[in-house]
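Here the structure comes first, spelled out in structure tokens, and everything after it is commentary.
Below, all heavy atoms of this structure are taken into account, side chains as well, without hydrogens, waters or symmetry copies.
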Amino acid sequence: TDITRSILNPLAVVVSSSWRRDAMNIYPEVQIDKGLAENITKWSKLIAEKFPNNLDLGMRRLLSATTSRLDPLDGFVDAVICWENVFGTSEGEVSFRVCASVAKVLEPDKIKRRELFKILKDHYDKRSKLIHGGGEPSVSESYKMRDYCIKVAIQILKKVISDDNLASADSASSRSKLILLNL
């Protein structure tokens with residue numbers, strides 16, 4: 001069989017495509033219907049107009065996590081790096097700052113926000129232990145962690161791009177201060 005793969009990178013001028021004969025397809029097929037095409041068009045325009053340059057690394061890590069990482073743990077690490085690119089800092093407690101910012105952006109309800117923070121912090125801590133030599137989770141757990149962190153990364157990038165104040169922040173540190181201090 002012939003496999004064609006296209007990656008829609010909103011930061012690139014051209015679509016990345018590849019073609020291989022008899023390749024194993026590890027990525028699920030996606031049928032683009034009218035609704036999905038309209039959504040792609042909407043977000044592509046918004047990204048082209050408002051996407052801040054200081055989030056390029058996060059977008060590249062998210063694209064890598066979703067398109068080219070064969071190992072789910074690599075995708076998991078890339079997705080959390082995207083979180084850090086959006087809200088991280090070289091100052092103070094990074095994991096708290098990133099997870100608290102993500103929770104506040106994604107969950108308006110205070111009680112649900114606390115629970116979301118715990119879940120985010122758990123994923124962040126697992127990522128930290130993994131990259132610092134801790135044990136690896138099972139394959140099925142790796143896929144679950146990767147998929148969850150990718151979903152969160154997509155949600156936070158959408159929120160940032162949709163909010164002029166967050167999109168115009170000059171750094172991840174400034175962006176997290178806007179969120180956490182209600183500036």
Side-chain angles (χ1 to χ4, degrees), residues 6-13 15-16 27-28 30-69 72 75-89 94-110 112-124 127 143-183:
S6 296
I7 299 171
L8 300 173
N9 178 349
L11 303 177
V13 178
V15 174
S16 170
Y27 303 102
V30 175
Q31 297 294 324
I32 300 178
D33 60 18
K34 183 178 178 182
L36 182 56
E38 289 171 355
N39 203 19
I40 290 168
T41 301
K42 171 190 155 192
W43 283 102
S44 294
K45 286 180 182 177
L46 196 57
I47 288 168
E49 294 169 3
K50 294 187 175 187
F51 197 80
N53 291 340
N54 61 23
L55 294 180
D56 285 357
L57 175 84
M59 179 65 84
R60 288 194 313 270
R61 293 299 89 216
L62 178 57
L63 289 170
S64 174
T66 58
T67 62
S68 63
R69 294 297 196 178
F76 167 59
V77 169
D78 277 350
V80 177
I81 289 172
C82 178
W83 299 4
E84 290 175 323
N85 182 242
V86 177
F87 296 118
T89 182
V94 178
S95 63
F96 173 81
R97 192 164 181 169
V98 169
C99 296
S101 296
V102 172
K104 193 161 184 190
V105 164
L106 296 184
E107 183 52 66
D109 181 84
K110 289 181 182 182
K112 291 178 183 176
R113 187 182 310 140
R114 279 189 212 116
E115 183 58 32
L116 177 59
F117 173 80
K118 289 177 190 174
I119 294 167
L120 295 168
K121 185 80 169 66
D122 179 58
H123 281 78
Y124 195 100
R127 191 287 311 244
Y143 279 105
K144 288 177 188 173
M145 292 184 322
R146 181 205 58 190
D147 294 348
Y148 178 80
C149 292
I150 286 171
K151 181 180 117 184
V152 168
I154 291 168
Q155 290 173 333
I156 61 177
L157 285 175
K158 282 181 163 183
K159 292 281 189 177
V160 168
I161 295 165
S162 300
D163 184 302
D164 289 337
N165 288 332
L166 296 177
S168 65
D170 64 353
S171 67
S173 178
S174 297
R175 192 172 297 108
S176 64
K177 285 177 184 173
L178 286 170
I179 295 297
L180 298 175
L181 301 176
N182 295 320
L183 299 175

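- Remark: Tyr148 engages His123 in a ring pair (Phe, Tyr, Trp, His ring centres under 6.0 Å) (not counting sequence neighbours).
- Residue Lys121 qualifies as enclosed at atom NZ: its count of foreign heavy atoms under 6.0 Å is above 12.
- The CG atom of Leu46 lies 11.5 Å from the CG atom of Leu157; values are rounded to the nearest 0.5 Å.
- Taking CG of Leu57 as the reference point, atom CE of Met59 lies at 11.5 Å (rounded to 0.5 Å).
- In this structure, the separation between NZ on Lys112 and CG on Leu106 is 13.5 Å, given to the nearest 0.5 Å.
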Please assess Ile150 against Phe76 for the test side-chain contact (heavy atoms from CB on, under 4.5 Å), listing each intermediate value before the final yes or no.
CA-CA 7 Å; Ile150 286 171; Phe76 167 59; over 6 Å; no

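- For residues 78-88, the set of pairs meeting the side-chain hydrogen bond (donor to acceptor under 3.5 Å, both in side chains) definition, not counting sequence neighbours, comprises Arg61-Asp78, Ser64-Asp78, Arg69-Asp78, Glu84-Tyr124, Glu84-Arg127.
- In this view, Asn39 and Trp43 satisfy the side-chain hydrogen bond (donor to acceptor under 3.5 Å, both in side chains) rule, not counting sequence neighbours.
- Contact between Val86 and Arg175 at its shortest, heavy atoms only, is O-NH1, 2.8 Å.
- Scanning all heavy atoms of the two residues, the minimum distance from Cys82 to Ala153 falls at SG-CB, 3.8 Å.
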Stepwise, does the side-chain contact (heavy atoms from CB on, under 4.5 Å) test hold for Asp56 with Arg60?
CA-CA 6 Å; Asp56 285 357; Arg60 288 194 313 270; 3.6 Å; yes

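- Side-chain atoms of Arg146 do not come within 3.5 Å of backbone N or O of Gly75 as any donor-acceptor pair.
- The side-chain hydrogen bond (donor to acceptor under 3.5 Å, both in side chains) check on Asp164 picks up Lys50, with sequence neighbours excluded.
- To the nearest 0.5 Å, atoms CG (Leu181) and OG (Ser176) are separated by 8.0 Å.
- One finds the OG atom of Ser44 at 12.0 Å from the CZ atom of Phe51 (value rounded to the nearest 0.5 Å).
- Thr66 contributes a side-chain N or O that, together with a main-chain N or O of Leu63, makes up a donor-acceptor pair within less than 3.5 Å.
- With sequence neighbours left out, Phe117 forms a ring pair (Phe, Tyr, Trp, His ring centres under 6.0 Å) with Phe96.
- Across all non-hydrogen atoms, the minimal contact from Ala103 to Leu116 is CA-CD2, 3.8 Å.
- Counting only residues at least two apart or in different chains, salt bridge (charged side-chain N to carboxylate O under 4.0 Å, His left out) contacts with residues 96-105 comprise Glu91-Arg97.
- The nearest pair of heavy atoms linking Asp163 to Asn165 is OD1-N, 2.9 Å.
- Atoms OG and CG, on Ser168 and Leu178 in that order, are 7.5 Å from each other to the nearest 0.5 Å.
- With no hydrogens or angles considered, a side-chain donor-acceptor pair links Ser174 and Ser171 at under 3.5 Å.
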